[in-house]
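From a predicted model like this one, the values you see are computed outputs, not experimental measurements.
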Amino acid sequence: MQQALNKTILLVLLFSTLAPGAQPAIDLSGLKKNGARVHTDKSYITIQWPAGKSGMVKMILDRDPARPLFHSIQAGSANRFTEVVKELDPVFILREGKRTLSPSSGGWDVFFDKVPTRPYITGLMTFSNRNGSVSSDGSRTIVKIGTLKAASFSGHLEITLYNGSPLFNIAAVISTAKDSTAILYDAGLVHKKDTWKTIAWADVNDRMQYRETGMQDTAQNLEVKYRAIIGHTATGSCAVFPAPHQYFYPLDEAFNLKFTWQGRNYLNMVPGFGIGIRQDPLGDRRYVPWFNAPPGTFQRLNFFCLVSTDSPAATLDAVKRFTNNDHFVALPGYKTMASHFHNEFITQVALSGKPVPEKPEFKTVLKGAGIDIVKLAEFHGVGHPRGPDSVRLKELQALFAQTKRLSDTGFLLLPGEEVNNFYGGHWLALFPKPVYWVMSKKTGTPFLSKDPLYGNVYHVGSKEEMLRLLEQEQGLAWVAHARTKASTGYPDQYREADFFKSDTYLGAAWKAIPADLSWATLSKRVLHLMDDMANWGLKKYVLGESDIFTITRQNEMYAHLNVNYLQLKKLPRYDEGWQPVLDVLRNGRFFVSTGEVLIPAFNINGKQAGDTLKTAASGKATITIQLSWTFPLRHAEIVSGDGKQVFRTSIPLNQTLPFGKQTFRWPVQLGNRKWVRVEVWDVAANGAFTQPVWLQQDKAPAHGRPVQ
């Protein structure tokens with residue numbers, strides 16, 4: 001009798017589930033205790049999560065596809081909530097174009113592509129059904145819901161809620177089977193009723209601006225600072241902003257291309273009034289590669305939101321904390337260095353006949369960003385590196401005079417060039433003092449001569465003489481934008497060359513080229529090169545580079561910057577030379593960061609980056625690493641090699657909360673390994689990485705700088 005009754009109950013439940021209009025149950029099997037509370041019924045998914053000093057946040061998602069997804073978002077305490085916003089829908093607009101994948105341009109690592117010059121399509125992503133799951137990932141709660149479609153892509157919506165902050169992320173997780181695809185996306189929150197009363201943002205001069213929504217007919221693109229736009233209601237604010245670096249694919253210029261939008265009927269595609277983030281499909285009108293979207297990868301088109309019962313200005317202050325106010329924070333025992341800037345101040349200003357400003361804007365911008373040392377890359381296409389001597393030496397004299405004048409006790413401006421001669425591809429040279437040299441040599445001209453005005457002058461006519469100059473003047477060289485741009489195929493093509501194996505060749509420079517939204521990190525191109533060089537048996541290092549031209553206050557500079565944290569207790573004085581900077585680089589005593597993740601201390605069994613560790617017979621060792629961060633961390637990766645293979649061990653850091661600082665100790669097995677390094681990445685794909693620690697081997701390589 002009981003068995004028959006149970007069967008009847010099961011049949012009733014089955015038919016009620018399959019009845020027209022009935023909603024399938026939300027899968028909660030992945031939920032674990034993490035401080036969040038989840039309740040589901042046939043109409044709503046309700047989630048509360050602890051938001052740190054902000055108390056609690058409650059999100060109510062509507063399961064009816066005919067109604068807005070975000071039924072209500074509230075802030076307050078477990079017993080009393082204030083509704084901040086209601087009846088909002090996420091919106092995504094996808095642009096799908098064709099990628100150039102010529103091997104000569106680097107394949108998927110290509111930068112020299114102009115996607116918007118070829119036909120592309122722009123479409124509003126459709127969102128159907130409200131089925132899905134709610135799961136836990138450490139201190140995060142993840143909602144996967146619905147079906148998304150646009151052009152050749154399909155997938156689902158993903159909402160991630162972060163304990164410790166009123167922060168959440170909304171992502172369209174989509175994939176395509178089509179090959180050679182490049183994409184862009186715009187996104188935001190939209191309502192059909194008058195949810196927002198005022199829209200607010202900071203302009204490029206860092207002044208708050210406010211606009212009443214009223215009855216605006218069309219949407220507008222806005223030039224803002226901090227990449228954020230804020231909707232204000234009678235009870236609070238909601239900020240919308242992108243990942244600070246990941247959303248900005250590589251360009252030659254850091255122009256502010258109005259990366260936010262607000263208003264009605266955006267692009268004549270979005271019904272209702274919205275606020276959001278956007279990309280200009282034409283970019284800086286130079287090379288415009290967009291984002292890679294290889295077939296079968298899950299592209300995560302995402303943006304962040306932060307809700308608050310505070311004013312728009314206070315809410316923006318909370319957003320700015322995630323990028324330290326777009327500032328690279330000072331660390332005791334370190335100085336920050338940024339490299340590779342083509343602002344061409346010498347040819348376009350100092351030697352142009354125009355008035356030379358006492359304090360040029362580029363210095364104000366870079367020093368104001370917390371950068372202590374800036375290495376220029378002047379004369380890139382506009383100078384006279386090959387002479388004639390009278391012009392070349394005058395350009396160098398002006399370069400040295402201006403870099404000296406603009407350096408001070410808190411800012412060191414280093415002269416430098418991007419060299420296109422001798423070694424193959426493009427590369428940068430750094431000397432510890434001003435050096436006069438011409439990148440050509442006529443028959444009968446000596447390698448070194450004495451000029452009555454300039455002193456020692458070198459004429460270089462070959463890679464052998466270039467190496468000789470670097471050795472004689474204790475300089476360093478490294479490949480710029482390795483394996484892409486005009487350095488496609490390098491340094492691989494000269495890996496056996498004497499100059500590459502020399503102590504004067506540092507290694508390579510890292511920038512986020514290419515951009516791929518399926519990665520939880522920024523570009524892997526030069527990180528893989530760092531591993532390859534280590535497996536080649538040479539001690540080479542990788543520093544960060546920006547490789548951009550115009551530098552102004554109006555630009556979106558922070559998105560395109562990264563820095564090197566050098567282990568320097570004090571800033572060298574220009575007059576005394578900057579040999580300590582080169583020593584730190586040459587010895588690997590630095591880490592690279594986008595600014596949000598920092599590595600104040602790192603060692604393996606007491607040995608720092610650049611050191612050689614004698615491994616125990618067992619191969620056991622312990623990594624000790626101190627981290628500080630703004631966004632919650634995602635994972636660390638321990639990368640090592642044995643001279644042939646690369647090994648990667650991922651360590652989840654999904655228990656971390658925003659704005660943390662902690663020392664971690666990770667046991668590692670390093671048997672038969674020759675080197676090891678560490679990367680750390682957060683939930684917005686911001687990161688930092690160390691230089692390698694070298695592991696002692698029984699037998700050193702026959703050539704180059706041996707891993708001892």
Side-chain angles (χ1 to χ4, degrees), residues 90-101 108-126 148-155 157 169-176 178-190 219 221-224 227 229 240-261 266-270 274-295 297-304 512-519 522-523 556 559-560 684-685:
V91 61
F92 291 89
I93 293 172
L94 179 70
R95 290 184 174 89
E96 182 179 321
K98 183 73 173 176
R99 163 68 72 236
T100 295
L101 289 177
W108 285 107
D109 284 340
V110 65
F111 174 83
F112 289 153
D113 199 358
K114 298 181 179 181
V115 177
T117 64
R118 299 184 290 274
Y120 63 90
I121 57 176
T122 303
L124 181 66
M125 199 171 293
T126 62
L148 294 173
K149 291 185 178 181
S152 68
F153 286 81
S154 62
L157 189 75
N169 182 273
I170 303 173
V173 183
I174 57 174
S175 185
T176 182
K178 185 189 292 187
D179 199 7
S180 307
T181 300
I183 61 172
L184 279 188
Y185 74 96
D186 302 350
L189 297 173
V190 64
N221 304 328
L222 298 174
E223 187 180 71
V224 308
R227 303 158 298 280
I229 187 162
V240 172
F241 56 101
H245 303 281
Q246 183 194 45
Y247 186 60
F248 298 86
Y249 64 90
L251 293 171
D252 283 328
E253 296 282 8
F255 296 148
N256 192 315
L257 300 175
K258 298 184 177 180
F259 295 110
T260 63
W261 62 272
Y266 178 60
L267 292 182
N268 295 318
M269 292 183 181
V270 181
I275 60 174
I277 61 173
R278 65 174 295 275
Q279 286 280 6
D280 185 331
L282 299 181
D284 61 9
R285 277 65 173 174
R286 291 168 63 90
Y287 293 101
V288 187
W290 289 13
F291 294 100
N292 284 342
T297 61
F298 288 93
Q299 299 294 314
R300 201 168 184 279
L301 286 52
N302 72 99
F303 62 97
F304 288 89
I513 305 174
D516 188 322
L517 296 167
S518 69
W519 296 338
L522 296 178
S523 175
E556 175 46 68
H560 295 275

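- Between Tyr185 and Pro242 the shortest side-chain heavy-atom distance does not fall below 4.5 Å.
- Aromatic ring centroids of Phe248 and Phe259 lie under 6.0 Å apart.
- Taking each heavy atom of Leu257 and Arg278 in turn, the nearest pair found is O-NH1, 3.0 Å.
- In this structure, the side chains of Phe153 and Thr181 come closer than 4.5 Å at one or more pairs of heavy atoms.
- The NZ atom of Lys149 sits 6.5 Å away from the OG atom of Ser154 when rounded to the nearest 0.5 Å.
- Taking CG of Leu267 as the reference point, atom CG of Asn221 lies at 7.5 Å (rounded to 0.5 Å).
- Using a 4.5 Å heavy-atom cutoff, the side chains of Gln246 and Asn302 are in contact.
- Note that CD1 of Ile93 is 8.5 Å distant from OG1 of Thr122, once rounded to the nearest 0.5 Å.
- The backbone N or O of His245 lies less than 3.5 Å from no partner atom in the side chain of Arg227, so there is not a single donor-acceptor pair.
- Distance check: Ile183 CD1 to Leu94 CG gives 5.5 Å after rounding to the nearest 0.5 Å.
- Residues Val115 and Pro289 share a closest heavy-atom pair of CG2-O, 3.7 Å.
- With hydrogens and angles disregarded, no donor-acceptor distance shorter than 3.5 Å links the side chain of Asn292 to the backbone of Pro294.
- Applying the 6.0 Å contact sphere to CZ of Phe298 captures no more than 12 heavy atoms from other residues, nucleotides or ligands.
- Ala150 approaches Glu96 most closely through the heavy-atom pair O-OE1, 4.5 Å.
- Trp290 contributes a side-chain N or O that, together with a main-chain N or O of Pro281, makes up a donor-acceptor pair within less than 3.5 Å.
- Taking Asp280 as the reference, Arg285 meet the side chain to side chain donor-acceptor pair (under 3.5 Å) condition, with sequence neighbours excluded.
- Among all heavy-atom pairs drawn from Asp109 and Pro514, the shortest one is OD1-CD, 3.3 Å.
- The backbone N or O of Ser152 lies less than 3.5 Å from a partner atom in the side chain of Thr176, making a donor-acceptor pair.
- Residues Leu157 and Leu148 share a closest heavy-atom pair of N-CD1, 3.7 Å.
- Residue Pro116 comes nearest to Val288 through the heavy atom pair CD-O, 3.7 Å, listed as atom of the first residue, atom of the second, then distance.
- Taking 4.5 Å as the limit, every side-chain heavy atom of Pro250 sits out of range of all side-chain heavy atoms of His560.
- Going from atom CG of Leu522 over to atom CG of Asp516 covers 11.0 Å, rounded to the nearest 0.5 Å.
- In this structure a side-chain-to-backbone donor-acceptor pair under 3.5 Å is present from Gln279 to Tyr247.
- A donor-acceptor contact shorter than 3.5 Å is absent between the side chain of Trp261 and the backbone of Leu222.
- Shown here are the salt bridge (Lys or Arg N to Asp or Glu O under 4.0 Å) partners of Glu253, two or more places apart in sequence or in another chain: there are none.
- The shortest side-chain heavy-atom distance between Ile275 and Tyr266 does not fall under the 4.5 Å cut-off.
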Decide side chain to side chain contact (heavy atoms under 4.5 Å, CB included) for Glu556 and Leu251; before the verdict, give the C-alpha distance in whole Å, the side-chain angles of both, and the deciding distance to 0.1 Å.
-> CA-CA 12 Å; Glu556 175 46 68; Leu251 293 171; over 6 Å; no
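- Side chains of Asp186 and Met269 form no contact here, defined as non-hydrogen atoms less than 4.5 Å apart.
- By the 4.5 Å heavy-atom criterion applied to side chains, Leu189 and Ile170 are counted as neighbours.
- Judged as a side chain to side chain contact (heavy atoms under 4.5 Å, CB included), and not counting sequence neighbours, the contacts of Asp252 are Phe111, Asp284, Arg286, Tyr287, Lys485, Phe549.
- Although no hydrogens or angles enter the test, the distance criterion places no donor-acceptor pair under 3.5 Å between the side chain of Thr260 and the main chain of Ile277.
- Side-chain atoms of Arg118 and Thr100, non-hydrogen and from C-beta on, do get closer than 4.5 Å to each other.
- Leu124 contributes atom CG, which lies 11.0 Å from atom CZ of Phe92 (distance to the nearest 0.5 angstrom).
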